[in-house]
Amino acid sequence: MSSWSLASAVSPTMTGAAGDVIKLNNLKTSDPEIATSDKAIATTTTTTTLTSGRPTTPVPSKKLTSKRPPHLTLHIKTSPTTSSSSSDHAATLAVEENIALSPTPSVYGTPLGSVGAVSPESRGSLGGNHSSSTSHSDSSSGSIFPHEQYKTIKKIDIQFDNVRYSAGRGFFKRENKDILLGLTGYFRSGELNAIAGPSGAGKSTLLNILSGYISHGYTGDFRINGKRRDLKAFKPNVAYITQDTTLQAFLTVKEAMHFAANLKIGPHMSSTAKRERVNSILVAIGMYENRNTRTGQLSGGQRKRLAIALELVNNPPVLVLDEPTSGLDSSTCNQLITLLKKLAMEGRNVICTIHQPSALTFSMFDHLYAIAEGQCIYAGGAHNLVPFLEELDLHCPESYNPSDYLMEIATHDYDTEEERQVDKLIAVMDNGRNEDYRQSKSARVDQMAAIKKVEQMMSAGLITPVTAPVMSTHPFAAKNFNFKPLTPIEELSSRIWDSQIGGMTSESEGNCCKPKKKKKPRPTMPTLDLDPANLCKRENIYATPFYRQLSILLLRTFLLIWRDSSLTTMRFAIHLAIGLLIGFLYYGIGNDASNSMNNFRYVFYTSMFIMYCAFSGILVKFPLEFPIVSREHFNRWYSLRSYYVAITLADLPIQLICSSLFIVPTYLMTRQPLELWRFGMFFLIVFMTALVAQSIGLAVGAALSLNLGAILGPFFICPFLQFSGFFLQEKDAPFYLRWMFDVSFLKYSLDGSMLAIFGNDRPPLECNEMYCHLKRPKHILKALDMERANYQLALFFLLGLLIMLRILAFYIMSFRLRLFR
């Protein structure tokens, strides 16, 4: 679909005072299979466009019956003045647009008061009339999918007022630095909003606060569609794409998309429908040809597009991106911003931070929100920036990019000794409250020209073609991926909406709340009054249940382990090689009384080697995956509990194989007692030691960064090693330090291992020398201060410590995810 046909289909019907309903408009496509059936509609669309001056949606006189389930229909009040004719429909659109763009008096007295804007007074009353039901046309839109004509949902407009944020400085965080100083703004749905500013201005901080990524430490008033923001209900509707687009390098593009779809889309959608959606998104973003390429082999622009596609699978109403164009060349930036623009034109609220956009990229932004030193220096349409600056005697040279000129002003390049230009801009904009400079009607024509220029580059093969993806699961769309119907926000991105579908269609107990039905105003349109912001108040609401998340994450983790065979193979090879070396070093000492102490050293080395390998192997697991886990957990792919259980269970068979590769050859080569129960006791206690060491590694890795964990990690093992009973026995230690032996897990590990080898009434050892002092196993245990040792006590102590450390590591991981956002 070209940009012009896309623009023709993307004129959302906004009704009511606030215009907070997105309606599915007419679809216009060049597909040969549907050209004949849609010929009349296309003719009507052309006629309407010529007469009204704006592409509008024709409305046939005959009404089509909605096939939308009655329990999922939003409560829409019909305006008594609504007309069913296409001419009245076009006139209504023209009147609404003229009202929005007509000259209105400005409270700031600026010449651009004619630009369509929401005044502060009207914004202040958003909590009342803004969220009221809006009028809805009775006529069909002539869509190819008639059953989708009534698919409407509340748009998500984000309003914030007097936002302040400060962060601690210094080693002890005693000094506070003010980052945001009373910012005010309004980001509408259906627009591509850009937050611009120099480095350190507070762009990312504001973005994180608006998206809910930062949940504490700030003040201000936040409203969603005029109502006070409930962060728990708002988060599931936001897809946050960080600047660091770290992906699972060993998954292919198609596999990554399928894992995302299975985690983010509930069981109400079939597997076939999920595959169709994944394919349509990959085609739309130009990644279908690379579907079998591993993500680690993608270019920077492809990774950015894939990161966006992963969050589009559940069709979120709000897209938040932090520096999406960083590290990309100009053509790739144009391609990416074009994709974001098309996604915004479908009704989504797209907010991104931008550092220094090109002129072509800059012209695509609907709303520019510029920050300098934590305050707003401009809020309005990108094309109104130059007139705004000229009013303040700041004339942008014709050869300059307006955004570059604004950044130079923000960095005080044009300050004088008498005044600072930034202060003048802040005063005129009233720190974001002045909305007289919002996008004008003429700017839309310039934007379409910019999009057309990018699409010409796409047609010439200079850039990979991208467009807004298909979100329909209609059988016709599945057969032809090139068919790209316009898709408004038809579903919520969380369990909130999924639970409504699942709970209403089937008598399941999984729905979190059940709205009360109202009286039907008309027999053909049974309605419900659903407000997504107030459906559920539970904090952890995910599209899939825990067991489903666990099974998907286990499958993904095992697949990554299998693909990353070099690391796993290296672990296996190290354990086997060192095991053979130790077997040859202590060959045949198991039943030799003259080598009793060497046998003791073999047991200690076995516990130490298995413990350190397990500790170091898991130490870097979470720090390496922290960016991925943080993004996916915030975007409600899965709960932290399911991820933690998955990585715990996935490493169990690997650790079991590693322990076996070391213990089995050394046990046989050293000629220990060939009794199965003794070998089982010895293997069990050593394996429990490895699991405890893994738990310590998880806790340390979750608490520290990768570098600090590698340096300070062994420090957490040393105290247990000193009081293990190998270097110093408990009876020889000072009395005030003997309690350390009682809490050292290596002391219990060594006791249990020695009891498995020499305990349980083992017969005397063979003596091939003239005299063997430690011939009887009981004498060996007594000489090593282990005569009072208990195997069951050692095993249960290790088991209890394992459970306690696993719980501790989980809460440390959860705390770090919230603290370091």
Side-chain angles (χ1 to χ4, degrees), residues 248-252 294-297 554-590 598-599 601-625 646-672 674 679-680 682-698 700-701 706-707 709-711 713-714 716-718 721 746 749-750 753 756-757 802:
Q248 299 287 2
F250 292 95
L251 292 180
T252 64
R294 292 188 180 182
T295 59
Q297 301 172 353
L554 274 175
L555 178 61
R556 187 177 77 168
T557 306
F558 281 126
L559 182 60
L560 291 173
I561 292 174
W562 177 261
R563 294 275 176 82
D564 191 12
S565 57
S566 58
L567 180 61
T568 306
T569 305
M570 189 178 299
R571 289 180 63 182
F572 292 163
I574 289 175
H575 281 78
L576 181 59
I578 300 299
L580 294 176
L581 178 62
I582 295 299
F584 285 115
L585 185 63
Y586 293 104
Y587 185 80
I589 65 170
N598 288 333
N599 213 359
R601 296 184 184 99
Y602 156 73
V603 173
F604 176 76
Y605 185 86
T606 300
S607 299
M608 291 301 100
F609 179 79
I610 297 296
M611 181 268 296
Y612 265 114
C613 288
F615 173 80
S616 59
I618 204 69
L619 184 64
V620 299
K621 175 70 174 179
F622 183 72
L624 289 176
E625 294 187 354
I647 63 173
T648 300
L649 296 179
D651 200 68
L652 279 179
I654 304 298
Q655 185 58 48
L656 186 64
I657 296 175
C658 290
S659 301
S660 302
L661 289 176
F662 181 87
I663 294 176
V664 171
T666 55
Y667 192 90
L668 296 177
M669 295 177 70
T670 55
R671 295 184 181 178
Q672 303 298 333
L674 295 179
F679 173 78
F682 180 71
F683 186 91
L684 178 61
I685 203 71
V686 174
F687 185 68
M688 288 295 297
T689 305
L691 295 183
V692 171
Q694 272 191 347
S695 303
I696 298 176
L698 272 175
V700 174
L706 180 62
N707 296 332
I711 295 173
F716 294 92
I717 299 294
C718 288
L721 185 61
L746 290 178
S749 175
L750 190 59
S753 301
I757 298 297
L802 171 65

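All values below come from the heavy atoms of this structure, side chains included, with hydrogens, waters and symmetry mates left out.
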Legend entry - Pairwise side-chain contact, Phe683 with Leu656, heavy-atom cut-off 4.5 Å (strictly under): yes
Inset, instruction - Decide yes or no on side chain to side chain contact (heavy atoms under 4.5 Å, CB included) for Thr295 and Thr252, but give the supporting numbers first. - result: CA-CA 6 Å; Thr295 59; Thr252 64; over 6 Å; no
Legend entry - Distance-only side-chain donor-acceptor flag, Tyr602 / Thr666, under 3.5 Å: yes
Legend entry - Separation between CG of Asp564 and CD of Gln248, rounded to the nearest 0.5 Å: 10.5 Å
Legend entry - Student check: side-chain heavy atoms of Phe615 and Val692 closer than 4.5 Å: no
Inset, instruction - State, with a plain yes or no, whether a side-chain heavy atom of Val700 is found less than 4.5 Å away from one of Ile696. - result: yes
Legend entry - Closest approach of Cys613 to Ser616 (non-hydrogen atoms, all atoms of both residues): O-OG, 3.4 Å
Legend entry - Arg294 side chain near Leu251 side chain, heavy-atom distance below 4.5 Å: no
Inset, instruction - Considering non-hydrogen atoms only, spot the tightest contact between Ile618 and Gln694 and give its length. - result: CG2-O, 3.3 Å
Inset, instruction - Kindly indicate whether the side chain of Arg571, heavy atoms from C-beta on, has any atom under 4.5 Å from the side chain of Gln655. - result: yes
Inset, instruction - Could you tell me which non-hydrogen atom of Ser660 sits nearest to which non-hydrogen atom of Pro665, and how far apart they are? - result: O-CD, 3.6 Å
Inset, instruction - Find out whether Val603 and Phe682 are in side-chain contact, i.e. whether some heavy atom of one side chain is under 4.5 Å from a heavy atom of the other. - result: yes
Legend entry - Steps toward side chain to side chain contact (heavy atoms under 4.5 Å, CB included) verdict (Leu560, Arg563): CA-CA 5 Å; Leu560 291 173; Arg563 294 275 176 82; 5.6 Å; no
Inset, instruction - Would you give the length of the straight line joining atom CE of Met608 to atom OG1 of Thr606, rounded to the nearest 0.5 angstrom? - result: 10.0 Å
Inset, instruction - Provide the closest heavy-atom pair for Ile685 versus Ser749 in the form atom of the first, atom of the second, distance. - result: CG1-O, 4.1 Å
Inset, instruction - Please examine the side chains of Asp651 and Ile561, heavy atoms only from C-beta on, and report whether any two atoms are closer than 4.5 Å. - result: no
Inset, instruction - Please check if the side chain of Thr670 supplies one atom and the backbone of Tyr586 the other of a donor-acceptor pair under 3.5 Å. - result: no
Inset, instruction - Check Ala690 against Ile610 and note the closest heavy-atom contact, atom names and distance. - result: CB-CG2, 3.5 Å
Legend entry - Aromatic plane relationship, Tyr605 with Phe662 - under 30° parallel, 30 to 60° tilted, over 60° perpendicular: tilted
Legend entry - Nearest-0.5 Å distance, CG of residue Leu580 to CG of residue Leu585: 12.5 Å
Legend entry - Any Phe679 side-chain heavy atom under 4.5 Å of Leu674 side chain: no
Inset, instruction - Hey, could you give me the CZ/CG distance between Phe250 and Leu559, rounded to the nearest 0.5 Å? - result: 11.0 Å
Legend entry - side chain to side chain donor-acceptor pair (under 3.5 Å) between Tyr587 and Arg671, worked out: CA-CA 7 Å; Tyr587 185 80; Arg671 295 184 181 178; 3.3 Å; yes
Legend entry - Heavy-atom closest pair, residues Ser607 and Val686: OG-CG2, 4.3 Å
Legend entry - Inter-residue atom distance Thr689.OG1 - Phe609.CZ, 0.5 Å rounding: 14.5 Å
Inset, instruction - To the nearest 0.5 Å, tell me how far Leu554 CG sits from Ile647 CD1. - result: 10.5 Å
